[in-house]
Amino acid sequence: MSSKKSVFLETHNINNRATGLGTFNYELIKGLQHLNFEDLELHLNAGQPKLLKDEFGDSFKYHKYRSFHRYKTFRPLHKFDLWHSVNQNSKLEPRSYSKYLLTIHDVNFHEEVSSDMNHKRNRLFTEKLNKATAITYISEFAKKQTHDYFDVPNVPEHIIYNGNPISTLLDTSGFVSTVPVNKPFFYTIGDFIERKNYTSIINMMRLMKDFNLIISGNNDRKYGQVIKDLIQENGLQNQVFLTGKISNEGKQFYMKNCTAFLFPSIREGFGLPPIEAMSFGKPVFLSDKTSLPEIGGEMANYWSDFDPEYMKEVLLNGLDHFENNKNLIETEMKKRAASFDWKVAAADYLKIYKDILK
């Protein structure tokens, strides 16, 4: 039996790399792999552990996640010295007591699902909080939001910002766009869920005849249909285009070639896409809600409400300002994007593992 202390990372969301949580899990693992953790044994959980083993080799131990593991009776039998619940929604919990690190991305469910503390989501989250030996948050906003709605136990709390998912700039010269790029365009990407607030920028596009708008992300669900209907109703089929899910090469192509990146989200625990766009020195336009001002900093442009005329004015003024100060803003944007680093984030998590296990 190994005398090393064991840490279990509940990373089963890694299967869906297109979502924020999937990205978080993958990038955290990738960051950890580059670090020296010889005194620890790190265990990963995934639906397809072989894919992780193919990529990361013997750096980690691997466990196969099956959906029935979330039921108490079927929880994995292994005992670990530290259990890291890498997001607040994970339904899989340790079978026996171990030290417990909880990472909180947001508690949007309290606003979006139910504020009733007896609701299952709030109960499960409260159980996690009460189990926690320490808590990490991905933004100051996530910490504030959690404290606003829940009784947080008196345990060590840390803010660890996510890193920038774009660690390598890809050659996109061979990429063939499935939507027109023959006219200046704005770009955005993300899950098609209501909080992303795409309706606001589509309504604004009626007033922006000189530009197109391209939106990437899985639009198969209910909100995707809302967006498709809105495009039809406004006769914007030749101006607003949906690419569906996109490859990394495609995402970088659109970010590199867009006039500006738009992100009007009204609830965001962190918000990775604006950082990715900043890697290309692009002007970014964000809502001033939740965590986004922490991400964009002073160089980003912000909408405080979503009236189409007002949004257009902020956008045109911001583009003007960008054109007049292009070198400075591009440099500052790239510098800010580079300050969000997964290697730094992973090192911070590793330090917390060691502190808890001392």
Side-chain angles (χ1 to χ4, degrees), residues 6-34 37 40-96 98 100-106 108-109 113 120-121 124-125 127-128 131 136 138 162-163 165 167 189-193 216-222 224 244-248 250-251 269-270 272 342 345-346 349-350 353:
S6 59
V7 182
F8 183 82
L9 285 79
E10 208 299 86
T11 48
H12 85 267
N13 283 100
I14 196 163
N15 291 354
N16 193 353
R17 214 66 72 73
T19 64
L21 291 178
T23 302
F24 176 87
N25 292 359
Y26 176 71
E27 295 292 349
L28 174 59
I29 291 167
K30 211 164 77 172
L32 286 168
Q33 190 206 13
H34 295 293
F37 50 86
L40 296 178
E41 195 174 78
L42 300 190
H43 295 250
L44 306 180
N45 197 32
Q48 296 172 290
K50 186 183 179 304
L51 294 181
L52 290 182
K53 191 167 175 32
D54 289 347
E55 183 167 357
F56 299 113
D58 295 331
S59 305
F60 304 100
K61 304 281 182 197
Y62 303 92
H63 298 261
K64 182 162 178 62
Y65 170 75
R66 300 180 191 280
S67 56
F68 57 75
H69 285 155
R70 62 182 66 182
Y71 299 108
K72 255 182 186 160
T73 328
F74 297 110
R75 284 176 182 171
L77 288 165
H78 306 79
K79 173 139 176 40
F80 302 96
D81 297 302
L82 169 61
W83 182 287
H84 182 185
S85 198
V86 298
N87 84 70
Q88 69 285 342
N89 299 329
S90 163
K91 294 187 180 66
L92 180 61
E93 294 293 327
R95 178 180 282 260
S96 51
S98 49
Y100 191 89
L101 174 63
L102 174 60
T103 294
I104 298 175
H105 299 251
D106 62 66
N108 288 337
F109 54 85
V113 180
K120 192 176 172 191
R121 286 292 285 276
L124 286 172
F125 179 68
E127 281 171 24
K128 283 178 183 289
K131 235 183 256 180
T136 57
I138 63 169
N162 293 340
S167 45
I189 182 171
D191 276 345
F192 273 65
I193 44 184
S216 291
N218 179 8
N219 55 49
D220 292 347
R221 286 176 297 186
K222 197 167 126 193
K245 275 189 178 173
I246 194 80
S247 64
N248 278 334
K251 175 171 69 174
F270 189 75
L272 290 168
W342 278 112
Y349 282 104
L350 189 60
Y353 294 167

For the pair Tyr62 and Gln48, evaluate side chain to side chain donor-acceptor pair (under 3.5 Å) and give the outcome as yes or no after the intermediate values. CA-CA 9 Å; Tyr62 303 92; Gln48 296 172 290; over 6 Å; no

Does [Y] offer a backbone N or O that forms a donor-acceptor pair with the side chain of [X] under 3.5 Å?
{"X": "Lys64", "Y": "Gly47", "value": "yes"}
{"X": "Asp81", "Y": "Ser6", "value": "yes"}
{"X": "Ser90", "Y": "Asn87", "value": "no"}
{"X": "Thr11", "Y": "Ile14", "value": "no"}

Can you list everything that forms a ring-ring contact (aromatic ring centres under 6.0 Å, His included) with His43? Sequence neighbours excluded, please. His63, Phe80

By ring-ring contact (aromatic ring centres under 6.0 Å, His included), Tyr349 pairs with (sequence neighbours left out) His84

In chain order, what residues pass the side-chain hydrogen bond (donor to acceptor under 3.5 Å, both in side chains) check against Lys53, with sequence neighbours excluded? Asp58

Qualifying residues under side-chain hydrogen bond (donor to acceptor under 3.5 Å, both in side chains), relative to Gln88, sequence neighbours excluded: none

Using a 6.0 Å cut-off, check whether atom NZ of Lys128 has over 12 heavy atoms from anything other than its own residue. yes

Quick one: list whatever passes salt bridge (charged side-chain N to carboxylate O under 4.0 Å, His left out) with Glu27, sequence neighbours left out. Lys30

By salt bridge (charged side-chain N to carboxylate O under 4.0 Å, His left out), Lys222 pairs with (sequence neighbours left out) none

Is the shortest heavy-atom distance from the side chain of Phe24 to the side chain of Trp342 under 4.5 Å? yes

Taking the ring of His105 and the ring of Phe270, is the distance between their centroids below 6.0 Å? no

